[in-house]
There are 2 protein chains.
Amino acid sequence: MLNERSLSVTQDCGDCPIRHRAVCARCESDELDRLEEIKYYRKFEAGQTVIWSGDKMDFVGSVVSGIATLTQTMEDGRTQMVGLLLPSDFVGRPGRSTAAYDVVATTDLVMCCFRKSPFEELMGRTPHIAQRLLEMTLDELDAAREWMLVLGRKTAREKIASLLSIIARRDATLHLKSGGGGPLTFDLPLTREAMADYLGLTLETVSRQISALKKDGVITLEGKRHVTVPDMERLLEEAGDDADGGMFA
Amino acid sequence: MLNERSLSVTQDCGDCPIRHRAVCARCESDELDRLEEIKYYRKFEAGQTVIWSGDKMDFVGSVVSGIATLTQTMEDGRTQMVGLLLPSDFVGRPGRSTAAYDVVATTDLVMCCFRKSPFEELMGRTPHIAQRLLEMTLDELDAAREWMLVLGRKTAREKIASLLSIIARRDATLHLKSGGGGPLTFDLPLTREAMADYLGLTLETVSRQISALKKDGVITLEGKRHVTVPDMERLLEEAGDDADGGMFA
DNA sequence: CCACATTCTTGATCTGCGTCAAAGTTTACG
DNA sequence: CGTAAACTTTGACGCAGATCAAGAATGTGG
């Protein structure tokens with residue numbers, strides 16, 4: 001999910017997504033990569049569903065490129081996004097055989113998968129992998145809890161600002177831009193509806209609040225998706241975090 | 001946090017909370033228990049703060065008895081509970097030295113703690129512990145995501161019903177009551193305000209919705225805290241989950 | 001280049017929940 | 001046992017965000 005640690009792993013991983021440093025960054029071994037026989041790629045087009053909640057899931061894997069979402073849906077159709085999967089993020093859990101969420105590709109997506117049972121075996125033999133996975137899972141747990149605050153207590157405007165902050169920060173990390181005061185620029189990888197599902201809002205409210213932030217000079221829009229943030233501090237204030245501490249401490 | 005797996009561990013643990021089966025349920029070893037020199041108990045009274053967000057945290061540990069909450073607070077005082085710690089639940093994370101949340105005892109609380117660095121060392125040597133911790137963390141992540149749906153998409157009434165369902169189910173598990181149609185009975189371990197903080201509501205709304213559920217015969221109240229659920233299916237419907245599947249599938 | 005589907009914006013109106021206020025109930029303590 | 005503190009309930013009212021509705025912008029395939 002969206003958080004700094006898993007992103008810095010992406011950096012580690014460099015342009016070599018095949019070697020699973022995301023999972024095995026700390027150990028010098030390449031055991032995972034030797035497991036050619038249980039490793040395979042899967043490609044998805046934007047909009048395709050990777051797996052449905054409740055389906056049998058006989059693999060685990062990580063995102064190589066593209067973006068996927070994890071969503072939960074109630075019978076009456078209300079949906080809540082519970083995670084955003086970025087390159088290097090891991091999906092699936094050892095010890096469970098069915099998917100707990102719908103996983104949907106929002107952009108074209110490449111995943112690198114391992115058949116589950118050999119992976120589990122490997123994990124039993126290789127303490128580093130379990131430890132690395134634990135670390136990543138703890139990061140995701142922190143991100144999920146961060147998001148609980150956003151969902152439970154923030155206003156619509158703050159929610160939008162929080163999401164934009166996170167995306168801006170991710171992009172800054174991915175592209176190694178300076179953290180200093182200069183303007184930041186990025187593309188929204190999500191439709192208004194997907195943003196609404198992430199934020200627990202309606203797409204109309206998302207649209208209105210983005211317009212409001214634009215009107216107030218917090219952001220600039222070029223087209224519907226390309227965002228410029230002239231002053232990151234300002235955006236963080238709008239998000240309800242203190243400028244330096246808080247969410248990104 | 002509140003979920004079935006960590007609770008069933010409490011069962012495993014029986015009345016022997018000192019042996020950390022919660023962490024080490026699968027392995028036959030008792031390594032953790034041999035580490036007397038790094039293990040110590042801490043007791044807290046209801047209302048006491050175990051640790052403040054941002055404080056240095058040089059221990060990890062699990063709850064032996066009582067209940068604690070994890071909360072996040074914004075500068076302006078808005079607070080969101082992000083986790084409920086029940087007996088056998090684990091606090092603290094290997095690899096991080098400061099607390100990410102306020103941890104507060106809501107009842108009298110006993111925790112069994114380990115100094116962090118020896119624990120981490122042990123974890124490095126003992127794959128089962130890392131694996132068990134991973135499993136517990138994944139359960140917590142699922143619970144957190146479950147809660148994101150509650151916070152983002154459910155109505156006040158559904159939120160209350162969801163919380164009551166979870167508490168009822170936990171109690172049923174702890175006391176090994178039958179899952180069948182009979183009435184369930186339990187005490188609320190939280191004030192209205194704490195419930196509000198968990199649900200992203202105000203305490204007034206919590207109070208009103210509890211009154212409404214009482215009026216509609218979904219629950220019965222004796223005093224302010226003792227709840228009877230005549231028909232669990234009904235409560236689950238009110239929570240917006242299908243009666244059998246959904247949240248507790 | 002045009003038709004048609006998506007996605008997005010904006011407006012008008014409605015409503016669930018928050019806010020403010022007051023009083024009732026339970027618990028704790030001197 | 002009596003008084004204060006903490007917790008809970010209930011009411012009146014307002015507002016943030018949902019809902020309903022209509023277009024505008026953008027993209028896509030023929």
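It should be emphasised that the depicted structure is a prediction, and the values quoted were computed from it without experimental measurement.
- Aromatic ring orientation, A:F59 versus A:Y40: perpendicular (interplanar angle above 60°, classes split at 30° and 60°).
- We find that CZ of A:R192 is positioned 14 Å from C1' of D:dA24, with the value rounded to whole Å.
- The side chain of A:S211 places an N or O atom within less than 4.0 Å of a non-bridging phosphate oxygen (OP1 or OP2) of C:dT10.
- The pair A:E204-A:R208 fails the salt-bridge criterion, with no side-chain N (NZ, NE, NH1 or NH2) lying under 4.0 Å from an Asp/Glu carboxylate O.
- Comparing A:K224 and B:K224 along DNA chain D, the residue whose closest nucleotide (by nearest heavy atom) sits nearer the 5' end is B:K224.
- Each end of the helix from C:dC1-D:dG30 to C:dG30-D:dC1 gets its own axis from five base pairs, and the two axes differ in direction by 40°, given to 10 degrees.
- For the pair B:V150/A:L151, no side-chain contact is recorded, criterion being any heavy-atom separation below 4.5 Å from C-beta on.
- Contacts of A:G47 with the nucleic acid, taken as non-hydrogen atoms under 4.0 Å apart, are absent.
- The distance from atom CZ of B:R157 to atom P of C:dT15 is 18 Å, rounded to the nearest whole Å.
- With distances taken from any side-chain atom of A:T155 to the nucleotides D:dG17, C:dG18, D:dT10, the minimum falls on D:dG17.
- Residue B:I210 contributes atom CD1, which lies 14 Å from atom C1' of D:dT10 at whole-angstrom precision.
- For B:R208 against C:dG18, a side-chain-to-base donor-acceptor contact under 3.5 Å is absent.
- If you measure from atom CG of B:D197 to atom P of D:dT8, you get 12 Å, rounded to the nearest angstrom.
- Across all strands, A:T202 comes closer than 4.0 Å to base atoms (heavy-atom distances).
- Regarding A:L201, its CG atom lies at a distance of 11 Å from the P atom of D:dT19, rounded to whole Å.
- Along DNA chain C, the nucleotide nearest A:R153 and the nucleotide nearest A:L221 are compared for position; the residue whose nucleotide lies closer to the 5' end is A:L221.
- Taking the side chain of B:E204 as heavy atoms from C-beta on, and the options D:dT8, D:dT10, C:dG18, the nearest nucleotide is D:dT10.
- Within the 4.0 Å cut-off from OP1 or OP2 of D:dT9, at least one side-chain nitrogen or oxygen of B:S207 is found.
- To the nearest angstrom, P of D:dA6 lies 19 Å from CG of B:L190.
- With hydrogens and angles left out, the side chain of A:E193 and the base of C:dC8 share no donor-acceptor pair within 3.5 Å.
- Considering only heavy atoms from C-beta on, A:I219 comes within 4.5 Å of A:I210 through its side chain.
- In this structure the side chain of B:L184 never reaches within 4.5 angstrom of the side chain of B:T228, judged on heavy atoms.
- Minimum heavy-atom separation, B:M148 to A:M148: CG-CG, 4.1 Å.
- Annotation: side chain of A:K224 is in contact with side chain of A:R192 (closest heavy-atom distance under 4.5 Å).
- The interatomic distance linking A:Q209 (CD) with D:dA16 (P) rounds to 10 Å, in whole Å.
- Applying side chain to side chain contact (heavy atoms under 4.5 Å, CB included) to B:T69 and the options B:V82, B:D102, B:V104 leaves one that passes, B:V104.
- With rounding to whole Å, A:M195 atom CE is found 21 Å from C:dT6 atom P.
- Residue A:L203 is classed as having no contact, given no heavy-atom separation below 4.0 Å to the nucleic acid.
- Evaluation of atom-type donor-acceptor distances gives no pair under 3.5 Å for the side chain of B:R225 against the base of C:dT27.
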